Structure formats: structure tokens, C-alpha cells
Amino acid sequence: MTAPVLEAGFDATIAPWIVALPLASAVVLLLFGRRVGRAAGIVASAAVGLAFLLGVLLFVRLVAAGHDAHETVRMFEWIVAGDFDVGADLLVDRLSMVMVLVVTGVGALIHVYSIGYMHGDERYARYFAYLNLFVAAMLVLVLADNLVLLYVGWEGVGLCSYLLIGFWFERPAAAHAAKKAFVVNRIGDFSFLLGILLLSVTVGSLAIGSVNEAAGAMSSGIATIAALLLFGGATGKSAQIPLYVWLPDAMEGPTPVSALIHAATMVTAGVYMVVRLSPVFEASGDALTVVAWIGAATALWAALMAAAEYDIKRVLAYSTISQLGYMFLAAGVGAYSIAIFHLVTHAFFKALMFLGAGAVMHALDGATDMRAMGGLRKAMPVVGWTFATGWLAISGIVPFAGFFSKDAILAAAWEEGDYALYAVGLATALITAFYMSRLFFRVFEGRLRAPEGAHPHDAPPTMAIALVVLAGLSVVGGVINLPGVLTLEHFLEPVVGAGHEPEAAVAFALGALATVVAVVGIAAARWLYTTDAGRARRDRLTTGFAGPVGAVRRKFYVDELYTRALVRPGKAFAAFCTDVVDRRVIDGVVNGTAGLVAGLSEGVRRIQTGYVRNYAVTFLLGVVVVLSILVLRVGAS
Amino acid sequence: MTSVSPLYFLALAGLLFTVGVVGALVRRNAIVIFMFIELMLNGVNLAFVTFARMQGRIDGQVLVFFVLVVAAAEVVVGLAIIVTIFRRRASANVDDASLLKW
């Protein structure tokens, strides 16, 4: 138990500025992009960089204010209807500030990298506008104090994802991928919205604090339904089964986008949301089990597919899906701060590897197929060495960052008695080490090979800075939560509660086992991919297990299944609505009414014969009728 | 001398009016239609004067003056229109002037 500390509030008024800076920069670049021209990259990076510095300042203030310090800053009144008050409120607490630092820090690095990567692009300023807009929306998401504002940020990042995936929209593949991402996300968003509505009706308020407090009193049935609906949203945004299909296609976008949005930040929004609303999940008995198992299953599933991909970006995409599965596994066993720990380390090494892949593509005129590459470390040493740190981190080699976070997840699963989940996690770790080593060995090791006409060169300085910084973080990042010291876990305790660590002996054994597994994975990749003898072994294995290998290569036919089961019926329904309901029924009624009026007027028109004498007769008849009425009425009364 | 019953005057007025109506509807020449309209108006005048005499007041007789003035003005305008049309198409047949139709 901590000694009572004087709770001082702290000045959190700079919080809105953290959101406002990237947003203002986005607006300026959207409106005046053409005039800003080359400076757009610097403006955008400066905005995010400044936001990062403000974030650091706010973080320091937060820490200095004591164990349970948190502040809510109201930016403006938004929805006020009787007792229902939803303001544009920002919640500054330990969890949100960790996220803010990751988003702005990694975001700033990627902005700087983009200056080099997107150099010469036609819509240079617009790219940075979208990137800034994304950062602003993501910050709204992580800083939101109520679920409505969170949803606004959620939708905002989805929009920016669409805009950025389809940035080179002249390419049909990119336009299609953007559409797919948006539609699949929408399904998740719908589930999320239903969850929010259910919570609103049950709790009466949508402030996160109120929801979490009321969670204890919720019936487990309602809590389960709400939690599962919320998790449905998370599966969409964080690419878990069943809504992961958009992420591999999203690689059509510029690589820095993949690094920022589809590795470090947007896809982690689902994890953040589950951690933030953990009391609701805890109140439900089964929801957490579902979360953990879907996370574990996705991790394994995606790892298998990554091992069969030849496109370097797609390997990284499936890897991201798999690592996100790990995060949900952690959350599902109650180890929320460990999930955040892995979120942070993953942001470092995955963004690093994406940027590295981007540097490779930049040097090879956009090539992505690893079958055409080899030995690139000789031609691109900086990229090679930095990518190596990312590779070792994700494979879980001590003392790189990934080892500590992944090991903590597996230890938490073991400690909670979920040995089945542990086994799945361990198997996935083996495959992870395998596929990432496969990528590294094929691209960076061995004989120097490159596609026709490409001259591989190392990354220019603007791109190299980000690579080096992230590599450094991948190496030492584990320090934020070393076993025994558990800095991060203790730090987040006021928000997510305490976890429990396994005993030192158990922890050591688990760590050793994880390392052994990782080494086996790397060795297997080395055995199969670095020599010509290895190629022979590969061919034998592929022909020997042709069935399973074929299925994995075809992504287990999931896309085809979705197309048959969902997309085609959806399109058929849409066609029905257009052709029958819209054209025949609605237009029929409208045109029919017009036709009726026209028909009637055709008939009535004929009174106007043009003959004066006809008019005179009509006139006479009218006079007779009026007079007779008058006479008869007068007579009667 | 015995007075003539006012009913005879009214009958004559009605007869004049009826002849005027029928003639106005049947004839095709514009000027002839106008003559019949005048006939209608005169029938009405007679009825007014008769009613005035029956009631012993002069209100009806005053109204006749109004009718006469209006009739005169109307004839001026109507004949002007007919003459204009006649100049354009050399026909005073009302059935020919039937362009304003559907």
C-alpha cells in the first residue's frame, strides 16, 4: 500500500493545445497547401513535434502531482439536453499520457521520415495535411473523457486511414484497398456504437469515469453484451478475427502511413479502448475470455500467413495483426498494463521495420517482392542494421524490447492458469521468429540481388534519423518495464489496477523457454533460407505438404469466403434497392402522380374551345344555376 | 282611362330579354350579336322602369340612366375591337376568332 500522498491537482490546461496544434496545421495545409509547397513537411513535423514537447511537459506535471492524479479539461460544451451532458472533455491521466507520448513521439519521427520519402510527390502538402489530421484525431481518441468524443476520434482515424491508404488513388488497387478498409471498419464501428448506446442506456452517462464506476453494479449479462459489442469495434479497428482482412490490403498506401497508422497507432486504438474500459470487461464473466482467445487465435493465424507472404510489406502487415493479437491476449488475462507495454514496444520495432521496408522500396524503385532481393545490408548498411534491431526485438531476443513485453504476456497467461493460451502464444512466438528471420535473411543477407535497373542506396538523412532513433528505442525500450522493477506496470496501477508477477524462478524458466523458442525459429529460417541446400529443403517441404502450404499461401481463402458470403449478397441487395425500390417504386409513385395530374389536365383543358359562343352559353348556364339557387333558397326560407 | 296592368310591361321586358339572349347565342356576325345585346339591355331597362312605377319610387328610373351610359360606352369599345379585327381578317364571323384555345 502506498503512503498517503497530498493529492494536488495539476495544471492541465495545455492539453487542448496538444490536440489543436496538429489539427490547426492540418487545416492550414488543406487550405493553403499549394502555396506552402515544400515547407509543408517542415510545418507538419513541427506541429507534431511541438505537440510531443507539450506532451512531455504535461507528463512531467502529471507525475509530479502524485499517485492518483488525473484532470479533466473541458474544451467546450457540446451536447446538453436536460440531464444529458456530453462535453468535449479531455481526460489527462497516466494511461492517456502514455498513449499521447507514443502517438506524438513516433508520429513526429514518421513525419520527418516522410519528408524524405514523399519528396517530389504531386500532392506533397495534402499528404502532410492528412497525416496531421490523423494525429489530431488519434489524440482526441486517447484523450477523450467520454465515449462520444472517443467515437469521434475513432471515426476520425478511420477517415484518415481511408484518405491515406487511397492517397495514390489513380491506382485502382489503392482505391479498392481504401474502400475495403473503410467498409470493414464500418462494420466494427457499428458494433462499437451499439455498445456505446447500450452503456448509455444502462449507466445514464457516457463519461468514462461514470461508466467504469457503474460497471461494478451492472448485471453480468448486460456487461457481457456491452463488452462484446465494444470488442466488436476493436476487432475492426485493430484487425482481429474476423475483421482483419483490410490491413494487408492497406499496404497499398505510402509506407510511412503503414508505419504510423497500421502499426504504431491507429490499430492500437482497440487495445487502448479495451484497457480503458476494463471494468466493463471485468464485470462480465465471459467477455475477457473471448478477448483473450480471439487475440491468441488471431496471433497464430496471422503468423502463419506471414510465413507464406513474399511481399515484404504484407509480411509486416500480418505481423502487426499477430502482435495485436498478443496485446488482446494480455488484456484478456487481465494484464492490462502489460498489453500497453507491448503496445509501446511494438510501436517502436514495428514502425522501425516498416520504415526500413520503405527505405528498401525507395532504393529499389518501389519493389516489394522479397524473391527479387538479397544481401541488401551490404548496399544499405544503416537500413540493414536498424532493421536487424527490429527483427531481434520482435523475435524476442534478450535484451531487446520485444523480449520483455512478449515474455511478460506469456508469463501473465501462465500465471493466470491459462496454459492453453500460453501454448498458443508460445507457438506463435516460434512462428514469429521464423517468419521475421525469413524476411531478414532473404532481403538483407546472402548474395546482393536487386531487381533490374535498380541501384540500391542507403537511406537519406531525413529517413535515417527516424530509423536510428527507433532502433535505439527497440534496443533499450524494454527498460520501461523490466521484471522485478516493473516501472510501467506500477505507473499504470492507479488506472488499471495491479497485476501479479510470477515468482522469480518461474519467471526465469518461462523467459528461458521463450528465448529457446525464438532461437529455434531463427535457426529454422536460417536452415531453410540462407543457402542453396536450404532452397532444396524448402522445395521438398513445399511439395511434401502441398495442401496446407497452398492453403496458407491463399490466406486460408478468407477473402474469397467473405466475397461469396457477404460482399455478393450485399451488392445484390444494393442492386435490388436501386433497380426495384428506387427506380420502380419511388420513381413510379412520383412520376405516376405527375402523370395523373397531366392526364386530368388533358381532359379539363378541352373546355377552352376558343369559340366565343361556347363561352357565352357557359356563362348563361352559370347565371341560370346561380339564380335558381337564390330563388329556391329565398323561397324556402 | 283604365291603367294597363304592369304585368304586361314585365312580360314584354322578359320577351325582349329572351329574344336578345337567344339571338346573341345563335347569330354569327359580331355586329348582330351586339345589336341583340342592346336588345337585352333595353329589355332590362323596361323592367326597371316598370318596377319603379309599381313601387312608386324613382330608384329604378335612375338605374336606367346608369344602364344607358354603360351600354353606350360598351358599344364604343366593342365596335372598336370588331372594326380592328375586321381590318385584320376581313370577316366579322366570331367563329373565326378562335385562336385562344387549348
Side-chain angles (χ1 to χ4, degrees), chain A residues 568-637, chain B residues 7 10-11 13-45 47-48 51 55 67 70-71 74-75 77-86 88-102:
Chain A
R568 278 205 207 129
K571 282 192 179 170
F573 181 63
F576 171 75
C577 287
T578 311
D579 295 332
V580 175
V581 177
D582 194 43
R583 246 178 239 146
R584 288 211 215 139
V585 174
I586 297 180
D587 282 0
V589 168
V590 172
N591 290 346
T593 315
L596 188 67
V597 171
L600 278 176
S601 71
E602 275 287 317
V604 173
R605 242 198 210 153
R606 282 158 212 273
I607 293 181
Q608 268 195 314
T609 55
Y611 294 116
V612 172
R613 296 196 289 162
N614 287 350
Y615 298 160
V617 169
T618 315
F619 191 71
L620 180 67
L621 282 172
V623 170
V624 166
V625 167
V626 170
L627 280 178
S628 33
I629 291 176
L630 282 175
V631 164
L632 290 173
R633 277 175 79 209
V634 168
S637 64
Chain B
L7 283 175
L10 289 179
L15 189 64
L16 282 173
F17 187 79
T18 310
V19 170
V21 168
V22 174
L25 289 177
V26 170
R27 299 298 294 265
R28 265 170 296 165
N29 193 312
I31 299 181
V32 172
I33 291 176
F34 254 94
M35 285 161 49
F36 277 103
I37 289 176
E38 289 303 312
L39 196 55
M40 271 195 269
L41 287 169
N42 283 307
V44 167
N45 283 342
F48 270 132
F51 281 126
Q55 289 178 356
V67 173
V70 169
E74 168 211 335
V75 163
V77 174
L79 283 178
I81 294 176
I82 293 175
V83 166
T84 313
I85 296 179
F86 182 77
R88 287 295 307 269
R89 47 173 62 239
S91 158
N93 187 336
V94 294
D95 284 347
D96 289 342
S98 63
L99 289 173
L100 272 173
K101 63 176 183 177
W102 65 272

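Here the structure is a predicted model, which means the values were calculated and not measured. Values below: all heavy atoms of this structure, side chains included; hydrogens, waters and symmetry mates excluded. Proteins get letters first, then strands, A, B, ... in listed order; numbering begins at 1 in each.
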Filtered by a 4.5 Å non-hydrogen cutoff, the part of residues 620-629 of chain A contacting chain B is Leu620(A)
Could you work out all donor-acceptor pairs shorter than 3.5 Å where one atom is in chain A and the other in chain B?
unit_1	atom_1	unit_2	atom_2	d
Gln608(A)	O	Trp102(B)	N	3.2
Arg613(A)	NE	Asp95(B)	OD1	3.4
Arg613(A)	NH1	Leu25(B)	O	3.4
Arg613(A)	NH1	Val26(B)	O	2.7
Arg613(A)	NH2	Asp95(B)	OD2	2.8

Okay, Val21(B) and chain A: the region with an atom under 4.5 Å from a heavy atom over there is side chain
So, the part of Leu100(B) with a heavy atom under 4.5 Å from chain A: the answer is backbone
